[in-house]
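Here is the structure we will look at.
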Amino acid sequence: MQTCHSVHDLESFAIDKAPRAAYYIPEYISEAEEECLLRQIYNAPKPKWTQLSGRKLQNWGGLPHARGMVQEKLPHWLQSYTEKVSSLGVFGGHCANHVLVNEYKAGQGIMPHEDGPLYYPTVTTINLGSHAILDFYLPISQENQNQVPSTEDERHILSLLLEPRSLLVIREALYTSYLHGISPQNDDTLNSTVVNLDCCSANAGDTLERDTRVSLTIRYVPKVLKTPLLLGRRR
Ligand SMILES: O=C(O)CCC(=O)C(=O)O
Ligand SMILES: [Fe+2]
């Protein structure tokens, strides 16, 4: 297995058939690390979970906000992964300070969306438990609505298979100019729109049954505020 310690090493994991830039590293963490992460996630206090319509999530590091994020210290079990991923140099020399943990049961997903301007324009995802198919779409905007097809199917440009223990990195135009989402299904048939099968253990034509998947989306929020607690201490 190739090792990956810097942006330079990362280039060898670039997915050529995707617009710039997607990187996919299979078996980025071990089975023991995967188990340990899942144990920590499910050991978190119940109120840490927020139930949304198609998934539930844990937010770590603070709530991103236009005025700045009041930063919260990451727990040690996440800190080691934010450091490991940041050492790839994907956050412009900064260390990731924010992690969303998403849990999807079979049949759940996330609507096509952009991650928005509060984050540094790179997202890194550690995949746990079960696979997902991440779909990318051309967005519709005021300016391009006449040039872009109207149905979601027609705007779909490609998909990526995310297998358990892999790392995905999305940045540049693929991050800023496309939408991404996961459709709410119980299984996925791997067709020719899945462009990273060369690097996966599953094969074209396979149908993969979904089980519970947990993703860690690790990001850097550039705008942070000093904590009110610290400000309050000044005399
Ligand atoms: O679970 C995933 O891989 C996608 C999550 C996502 O798009 C997000 O948290 O913004
Ligand atoms: Fe997203």
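One-based numbering, in listed order, for ligands and for the atoms of each. As a basis for the values below, the full set of heavy atoms in this structure was taken, side chains included, without hydrogen atoms, waters or symmetry mates.
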Is it the case that [X] and [Y] place a side-chain donor and acceptor less than 3.5 Å from each other?
{"X": "N186", "Y": "R210", "answer": "no"}
{"X": "W60", "Y": "Q58", "answer": "yes"}
{"X": "N127", "Y": "R213", "answer": "yes"}
{"X": "T151", "Y": "D153", "answer": "no"}

Contacts of K105 that satisfy salt bridge (Lys or Arg N to Asp or Glu O under 4.0 Å) - sequence neighbours left out: E103
Qualifying residues under side chain to side chain donor-acceptor pair (under 3.5 Å), relative to D135, sequence neighbours excluded: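 Checked D135 against side chain to side chain donor-acceptor pair (under 3.5 Å); matches are S159.
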Six-ring centre of Y104, K56 cation under 6.0 angstrom, axis tolerance 45°: no
Exercise: identify the closest heavy-atom pair between Y178 and P19: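 Shortest heavy-atom contact: OH-CG, 4.1 Å.
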Polar protein atoms (N, O or S) that approach the Fe ion (ligand 2) to under 2.8 Å: H113 NE2, D115 OD1, H180 NE2
Which protein N or O atoms sit under 3.5 Å from any N or O of ligand 1? Give atom names and distances.
residue, atom, partner, partner atom, Å
ligand 1, 1 (O), Y104, OH, 2.7
ligand 1, 1 (O), R213, NH1, 3.0
ligand 1, 1 (O), S215, OG, 2.7
ligand 1, 3 (O), R213, NH2, 2.8
ligand 1, 7 (O), H113, NE2, 3.1
ligand 1, 7 (O), H180, NE2, 3.1
ligand 1, 9 (O), N102, ND2, 3.3
ligand 1, 10 (O), H113, NE2, 3.2
ligand 1, 10 (O), D115, OD1, 3.2

Ring center gap for H98 and Y119 short of 6.0 angstrom: yes
